[in-house]
Every structure is written in structure tokens, then in C-alpha cells.
Amino acid sequence: MICCKECVDLLYEYIEGSLDSGTTKSLEEHFQECPPCIAFFNTYKSTRTLCRDTLNEIEIPDEVRHTLQSFLKEQKKQQEKK
Amino acid sequence: MSFTQQKEEREIEEALVKDLQAGNLEAYDKIAESYQKKIYGLSFNLMRNQMDAQDVTQEVLLTLFRKINTFQGKSAFSSWVYRITLNASYMKLRSKKKEPNVSIDELLPSFNGAGFQQEKIQDWSENTESLLFSNETKDVIKKAVDLLPEKEKVVFLLRDVEGLSTEKVSEILDLTVPAVKSRLHRARLFLRKKLSGYFEEYRSKKGEA
Ligand SMILES: [Zn+2]
């Protein structure tokens, strides 16, 4: 059986679906015998989604948007003069 | 997105870039419109400061405008934009006093001599739904990401937050694909550990109540 360290090292490729079938099988066998690694796997996946959802919420604030708009307008005006 | 859609988008973008190189200002508007959220979001996540992110976004938009003729199309246009954004953000960060990052190794999982889990691992993954809406949780997540060392942070932001492919990230950062994967894995392990501390404490508090 593979150990927990090997199991953790394989999680990245496991999520990507890029492990060969033999390695996938030994990983899944490890999960069956090792609840801590299942917990580890679940929380590893959750970490990714939680961080993604939280950091993706960032929108350009209105005042910044306005500043950018006038900045672009100004740039274009200068360009047209040339 | 399907393969054909991706291909179409790329073609539209290539046409816009050509137009801009030819001096068409309408193309500039379209490019600025489609990229400014990405530029702002990435620089904000790197610097966590609205004024700085605004400065960087302006600077990048200006660079796109002025330096468009130096873009040779060797890599994707978007990779070029991301690279300019990263450079501008790093310049800004360097000009400020920086707090030292924690060592990532301290927060990687630990195993005993036989390679088995040494610490007690709680599965908090099912509790996160209700927690995600709390501002406290969001702050904890942002602080954890802020603590990531620069090398791991940028890979994490591009791949897991922006959702770019591993190949694309390796193109932007000029890293090998295995290097991208290993940095990303380390970043996730680091963040998992940080979030575990928070969620486990939350869970035990709830248990007491
Ligand atoms: Zn295990």
C-alpha cells in the first residue's frame, strides 16, 4: 500500500485526472483504508474552490472605473492630435 | 468553452490587435474593456490595495497602447497582457516596504518516518457552505493568500483563481509545466493548512455552544 505522503503527493494529478489507472487504483485503495487522507483530499479540494470563489469576487469599484474611463479618453485624445 | 468558441475568440482578438497596431482607436476601447477587469483583479489580488491596483491598471492600459507594436505574436496576446500586469505589480510592490513572508515549508503537511499522517486531520469541507458568505471567512482566505510566498502566489492566482491552463501559466511565467504544477500544489497545501486552522477552531466553538 502507498503511504500518506505518497497519497498527498498524488492529489494534484488525481484531480487533474492525469494519473494512470494503476496509480489511481492504489490511491483509491489507500483512501479506503485511511479516513485522514480522505479528509485531507476533501479539504484540499475545498481550499481551491473557496479561494477561487472569494478572490474572483473582485470587481472594479465604480470610482476606479470612472477614473479609468477618463484616463482612456485622455489617451485617445492625445493620440488623435498626433 | 468549446474548442470552436476558443478558436473564434482568439481570431477576434488577433484581428483587434492588428487593428490597434494599425492605429485604430476603436480597437483600443474594445481591448481595454475586455481586459481591464482581469488586469485590475490580478493586480488587486497581488497588492490588496485599491489605489495601487488602479495605478497598475492605468499603467498597463497605457503600455498596451504605446507598446502594441512591440507585440510580435510569439505568445498569445493575453499572455503578454498578464506579463505586463505582473511586472507592473511587482515594480509597485518593490517600491513599498514589504512584510516578510512565512516560510512555506513550515505549513506543508508532516508525516512520520513511515510516511503516514502525523497530525489529526478534520474534514471541514462540508461546513464551508454557510461560512463562505461571512466576511470573516473571506478575510481569512484573503489573508492566507497574502501570506503565500511570491513564487507560489502568482501561480496560484493565475491557475486556480483566473482559471488559466497549466500550459498558459508556464508560458506567461516562463516556467516548465512540472515547475508550475509543483508550485501550485505547494500553494494549495499551504492554504489548506491555513484554512484548516480557522475552520477547525470554528467547528470546535460551534461544538461547545
Ligand atoms: Zn493516508
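When reading the values below, keep in mind they use all heavy atoms of this one structure, side chains included, and skip hydrogens, waters and symmetry mates. Order of the sequence lines sets the chain letters (A, B, ...), proteins ahead of strands, with each chain counted from 1.
- Looking at B:Val145, the atoms closer than 4.5 Å to chain A (heavy atoms on both sides) all sit in the side chain, from C-beta outward.
- Contact tally against chain A (heavy-atom pairs below 4.5 Å) for B:Ile121, B:Asp29, B:Leu157, B:Thr57: the top residue is B:Ile121.
- Interface summary for chain A: among B:Leu61, B:Leu195, B:Asp160, the most heavy-atom pairs under 4.5 angstrom belong to B:Asp160.
- The aromatic ring centroids of B:His185 and B:Phe156 lie 6.0 Å or more from each other.
- Proximity to chain A (any heavy atom under 4.5 Å) is shown, for B:Ser182, by neither the backbone nor the side chain.
- Judged purely by atom type and a 3.5 angstrom limit, A:Gln32 has no side-chain atom pairing as donor or acceptor with the backbone of A:Glu29.
- Considering only heavy-atom pairs separated by less than 4.5 Å from chain A, the leading option among B:Leu25, B:Asn112, B:Thr166, B:Leu184 is B:Leu25.
- Formation of a donor-acceptor pair under 3.5 Å by the A:Asn56 side chain with backbone atoms of B:Val161 is found in this model.
- Tested against B:Tyr82, the residues B:Leu164, B:Val154, B:Leu173 include a single side chain to side chain contact (heavy atoms under 4.5 Å, CB included) partner, B:Leu164.
- Taking the six-membered ring for Trp and the full ring otherwise, the centers of B:Tyr35 and B:Phe77 sit less than 6.0 Å from each other.
- For B:Leu191, the parts lying under 4.5 angstrom from a heavy atom of chain A are both the backbone and the side chain.
- B:Gln36 touches chain A through backbone and side chain together, each having a heavy atom under 4.5 Å away.
- Looking at B:Phe116, the atoms closer than 4.5 Å to chain A (heavy atoms on both sides) sit in the backbone and in the side chain alike.
- The six-membered or imidazole ring of A:Phe41 lies near that of A:Tyr14, with a centre-to-centre distance under 6.0 Å.
- Neither the backbone nor the side chain of B:Arg186 comes within less than 4.5 Å of any heavy atom in chain A.
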